[in-house]
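Here's the structure, in structure tokens; my notes come after.
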Amino acid sequence: MRDRVRSLKRIADVQKQLHNLEEVKYARLQQRLAECRSAQDALSNVLSNDDALHGLFVDVTVRRLKSLRQEEAKLAPEIEAQARVVLEHGGRLRNSERLKDEVTVELRRIEEREELERLLEAGFAQALASSKQDR
């Protein structure tokens with residue numbers, strides 16, 4: 001039973017690491033999306049300014065803005081998929097921790113029961129020994 005608790009603890013630890021890894025992936029995707037939107041805002045501001053050099057770089061700026069929008073469109077489904085993966089791993093983590101806790105509690109109950117049995121047997125043996133001495 002102790003081996004089972006130990007193995008379930010290892011499984012829970014691995015699930016925790018996997019969950020953390022998926023959360024990091026999700027955070028990186030969110031960060032890429034934020035950077036993409038920030039760059040789009042900056043380029044939009046550049047296009048709205050009336051600079052002397054503005055006309056020279058309009059086509060390059062527009063192409064870059066278009067590629068950023070395409071990247072944002074590509075990131076949205078990736079973020080949704082990664083969010084589902086994070087939720088899946090979270091569920092697995094909760095299940096493995098719950099199972100580990102249940103087995104730990106069961107082991108504790110068994111150990112307490114065995115200790116009680118030892119104490120009762122010792123008490124009965126002592127009472128039997130003292131009753132034999134009284135005779």
Side-chain angles (χ1 to χ4, degrees):
M1 185 64 105
R2 285 193 175 110
D3 290 339
R4 186 166 182 210
V5 170
R6 221 173 301 136
S7 68
L8 286 172
K9 184 182 180 328
R10 282 194 307 266
I11 289 171
D13 290 343
V14 168
Q15 289 295 335
K16 178 69 173 165
Q17 290 173 354
L18 288 172
H19 182 67
N20 289 342
L21 180 66
E22 296 302 329
E23 283 180 329
V24 167
K25 288 178 184 178
Y26 180 73
R28 285 183 182 156
L29 286 172
Q30 290 281 28
Q31 183 179 8
R32 280 180 47 201
L33 181 64
E35 290 169 356
C36 186
R37 287 180 178 164
S38 174
Q40 285 180 29
D41 290 343
L43 289 175
S44 294
N45 288 337
V46 166
L47 286 176
S48 66
N49 287 342
D50 290 331
D51 254 347
L53 298 176
H54 178 273
L56 298 174
F57 302 108
V58 170
D59 58 335
V60 173
T61 306
V62 169
R63 274 187 270 140
R64 177 67 180 144
L65 193 57
K66 184 178 177 183
S67 74
L68 287 171
R69 286 192 178 137
Q70 289 173 345
E71 184 179 350
E72 181 181 356
K74 187 182 110 183
L75 282 173
E78 288 180 28
I79 289 173
E80 289 176 21
Q82 188 62 34
R84 285 190 298 274
V85 169
V86 168
L87 286 175
E88 254 179 49
H89 279 278
R92 288 181 193 152
L93 174 61
R94 282 187 302 278
N95 286 339
S96 62
E97 286 178 343
R98 180 189 47 78
L99 185 58
K100 177 193 71 155
D101 291 343
E102 287 175 0
V103 171
T104 301
V105 167
E106 184 62 28
L107 176 63
R108 192 175 311 126
R109 284 182 189 144
I110 290 170
E111 289 173 346
E112 288 173 355
R113 189 177 311 123
E114 289 172 353
E115 180 66 23
L116 180 61
E117 288 173 2
R118 280 193 295 274
L119 289 173
L120 288 174
E121 287 177 9
F124 289 140
Q126 190 178 24
L128 185 62
S130 75
S131 70
K132 284 185 180 180
Q133 284 180 350
D134 290 343
R135 287 186 197 177

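On a predicted model such as this, the values are computed, not experimentally measured, just so you know.
- Here the CD1 atom belonging to I110 is positioned 14.5 Å from the CD atom belonging to E115, to the nearest 0.5 angstrom.
- From E111, atom CD reaches atom CG of L116 across 13.5 Å, with rounding to the nearest 0.5 Å.
- Side-chain contact check for Y26 and Q30: at least one donor-acceptor pair (N or O, by modelled atom type) lies under 3.5 Å.
- Using a 4.5 Å cut-off on side-chain heavy atoms (C-beta onward), R28 and K25 make no contact.
- Put simply, the side chain of R94 gets close to the backbone of G90: a donor and an acceptor are under 3.5 Å apart.
- V86 and L75 fall within a single hydrophobic cluster, where Ile, Leu, Val, Met, Phe, Trp and Tyr side chains are chained together by heavy-atom contacts under 4.5 Å.
- For L68 against A39, the heavy-atom pair with the smallest separation is CD1-CB, 3.5 Å.
- Linking Ile, Leu, Val, Met, Phe, Trp and Tyr residues whenever their side-chain heavy atoms come within less than 4.5 Å places L29 and L33 in a single cluster.
- Rounding to the nearest 0.5 Å places OG1 of T104 at 11.5 Å from CZ of R2.
- There is no side-chain donor-acceptor pair under 3.5 Å between Q15 and H19.
- For the atom pair L8 CG and E102 CD, the distance stands at 10.0 Å (nearest 0.5 Å).
- The shortest distance between side-chain heavy atoms of Q17 and N20 does not fall below 4.5 Å.
- Comment: E71 does not engage K74 in a salt bridge, judged by the lack of any side-chain N to carboxylate O separation of less than 4.0 angstrom.
- Linking Ile, Leu, Val, Met, Phe, Trp and Tyr whenever their side-chain heavy atoms come within less than 4.5 Å puts L99 and L107 in one cluster.
- The heavy-atom pair separating S96 from A12 by the smallest distance is OG-CA, 3.6 Å.
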(Q) Pair E35, R32 - check salt bridge (Lys or Arg N to Asp or Glu O under 4.0 Å), show working. (A) CA-CA 5 Å; E35 290 169 356; R32 280 180 47 201; over 6 Å; no
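- Grouping the Ile, Leu, Val, Met, Phe, Trp and Tyr side chains by contacts below 4.5 angstrom, directly or via other members, places V105 apart from I11.
- The two residues K9 and K100 have their closest heavy-atom pair at CA-CD, 3.6 Å.
- A continuous path of Ile, Leu, Val, Met, Phe, Trp and Tyr side chains, each step under 4.5 Å between heavy atoms, connects L65 with V58, placing both in one hydrophobic cluster.
- Note that CD of Q40 and CZ of R69 are 5.5 Å apart. Values are rounded to the nearest 0.5 Å.
- The distance from atom CD of Q82 to atom CD of E80, rounded to the nearest 0.5 Å, is 12.0 Å.
- Remark: side-chain polar atoms of E72 are not paired, donor with acceptor, to backbone N or O of R37 under 3.5 angstrom.
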**Q.** Residues D101, R98; criterion salt bridge (Lys or Arg N to Asp or Glu O under 4.0 Å); working and verdict
**A.** CA-CA 5 Å; D101 291 343; R98 180 189 47 78; over 6 Å; no
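- Looking at L43 and R64, their side chains come closer than 4.5 Å, going by heavy atoms from C-beta outward.
- Looking at E88 and R92, a side-chain N of the basic residue comes within less than 4.0 Å of a carboxylate O on the acidic one, giving a salt bridge.
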